[in-house]
Undergrad: 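Can you read through this structure? Questions will come right after.
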Amino acid sequence: MNIFRFAGDMTHLISIVVLLLKIYATKSCSGISLKTQELYVIVFLARYLDLFTDFISVYNTVMKLVFIGSSLAIVWCMRMHRAVKRTYDKELDTFRHYFLVLGSFVLALLLHEKFTFQEIFWAFSIYLEAVAILPQLVMLQRSGNVDNLTGQYVFFLGAYRAFYILNWIYRFFTEPHFSRWIACLSGLVQTAFYADFFYYYFISWKNNAKLQLPA
């Protein structure tokens, strides 16, 4: 644990709180991609297979449970909640996300650190997380206008991964045997996907204007 990882965990947690606030306070999931949320459920379930076999710390276990539970709650609301599901826009959320799942799994079989069941699924979760935001970004670009809470959700989600890159850099220079190259490369790719969004988010913040993305 270091300050960069803690900051990453907290910004990730804030992004989830913002999204849950949007859904429960407004009874709306307008602008939110169900496909991205479903991908995150797969990411967390695949990554935390060690939840009941390897105990690291209370903090680590609690965070794993929070991420799994919150992602399942979000998907449940978007699919099952009587009021929320009516606000979901299927017409805009058309990204073929199953290709991302298939591609990530094939890549995990080819590129991994150890050929074990748990490590394959860990690599799969890392690859899938790197691209899981794509349906959301595409949906926002198609809609053009982005409401305040949705914009903050995506911003904090991108900031979380940026902090994790700093965490990996820090660990590379302070830990003699640090070798999570899969996470590092995937994190760089994932952060790159946010670059365009960060630019327009900064412009809207600077001009105190509503966030708009080019169609």
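Note that the coordinates shown come from a computational prediction; the quantities given were computed from them, not determined experimentally. All residue numbers refer to positions in the sequence shown, counting from 1.
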Undergrad: Using only atom types and a distance under 3.5 Å, with no angle test, would you say the side chain of Ser143 pairs donor to acceptor with the backbone of Leu140?
TA: yes
Undergrad: Applying ring-ring contact (aromatic ring centres under 6.0 Å, His included), run through Phe4 and Phe163 and close with a yes or a no.
TA: CA-CA 6 Å; Phe4 301 115; Phe163 276 120; 7.5 Å; no
Undergrad: Can you tell me how the ring of Phe121 sits relative to the ring of Phe117, calling it parallel under 30°, perpendicular over 60° and tilted otherwise?
TA: tilted
Undergrad: Restricting to side-chain hydrogen bond (donor to acceptor under 3.5 Å, both in side chains), what partner residues turn up for Gln152, sequence neighbours left out?
TA: Asn148
Undergrad: Any idea which heavy atoms bring Tyr194 and Val154 closest together, and the distance?
TA: CE2-O, 3.6 Å
Undergrad: Can you tell me which residue pairs pass the ring pair (Phe, Tyr, Trp, His ring centres under 6.0 Å) test with a partner in residues 52-88, sequence neighbours excluded?
TA: His12-Phe67, Phe44-Phe67
Undergrad: Kindly say whether Gly31 contributes a backbone atom to a donor-acceptor pair with the side chain of Gln136 at under 3.5 angstrom?
TA: yes
Undergrad: Answer with yes or no whether the hydrophobic clustering places Leu65 together with Tyr48; edges join I, L, V, M, F, W, Y residues whose side-chain heavy atoms lie under 4.5 Å apart.
TA: yes
Undergrad: Are Asp93 and Arg142 close enough for a salt bridge, meaning some N to O gap below 4.0 Å?
TA: no
Undergrad: Determine whether a donor-acceptor pair (N or O, by modelled atom type, separation under 3.5 Å) exists between the side chain of Thr191 and the backbone of Leu188.
TA: no
Undergrad: Looking only at heavy atoms, which two atoms of Leu39 and Val101 are closest? And how far apart?
TA: CD2-CG2, 3.5 Å
Undergrad: Once salt bridge (Lys or Arg N to Asp or Glu O under 4.0 Å) is applied, do any residues pair with Glu91, and if so which ones, sequence neighbours excluded?
TA: none
Undergrad: Shortest non-hydrogen contact from Thr87 to Lys27?
TA: CG2-O, 3.9 Å
Undergrad: Looking at every heavy atom in both Thr150 and Ser30, which two are closest together, and how far apart are they?
TA: OG1-O, 3.8 Å
Undergrad: Test your reading of the model: is there a side-chain donor-acceptor pair from Arg161 to the backbone of Leu157, 3.5 Å cut-off?
TA: no
Undergrad: Does any pair with a residue in residues 101-117 pass side chain to side chain donor-acceptor pair (under 3.5 Å), and if so which ones, sequence neighbours excluded?
TA: Glu113-Arg180
Undergrad: Taking all non-hydrogen atoms of both residues, which atom of Ala46 and which atom of Phe124 are closest, and how far apart?
TA: CB-CD2, 3.8 Å
Undergrad: Give the C-alpha distance, both sets of side-chain angles, the deciding distance and a yes or no for side-chain contact (heavy atoms from CB on, under 4.5 Å) between Tyr164 and Asp9.
TA: CA-CA 8 Å; Tyr164 256 69; Asp9 287 345; 2.7 Å; yes
Undergrad: Run the numbers on Tyr160 and Phe156 for ring-ring contact (aromatic ring centres under 6.0 Å, His included), then give the verdict.
TA: CA-CA 6 Å; Tyr160 133 72; Phe156 281 115; over 10 Å; no
Undergrad: Do Val17 and Leu72 sit in one hydrophobic cluster, given that two such residues count as connected whenever their side-chain heavy atoms are within less than 4.5 Å of each other, even indirectly?
TA: no
Undergrad: Which residues satisfy the ring-ring contact (aromatic ring centres under 6.0 Å, His included) test with Phe172, sequence neighbours excluded?
TA: none
Undergrad: On a heavy-atom basis, which atom in Ser15 and which in Tyr153 lie closest, and how many Å separate them?
TA: O-CD1, 3.0 Å
Undergrad: State plainly whether one hydrophobic cluster holds both Tyr170 and Ile182, where clusters connect Ile, Leu, Val, Met, Phe, Trp and Tyr through side-chain heavy atoms under 4.5 angstrom apart.
TA: no
Undergrad: Would Leu92 and Tyr200 show up in the same hydrophobic cluster when neighbours are defined by side-chain heavy atoms closer than 4.5 Å?
TA: no
Undergrad: Using side-chain hydrogen bond (donor to acceptor under 3.5 Å, both in side chains) as the criterion, list what pairs up with Lys64, not counting sequence neighbours.
TA: Asp50, Asn60
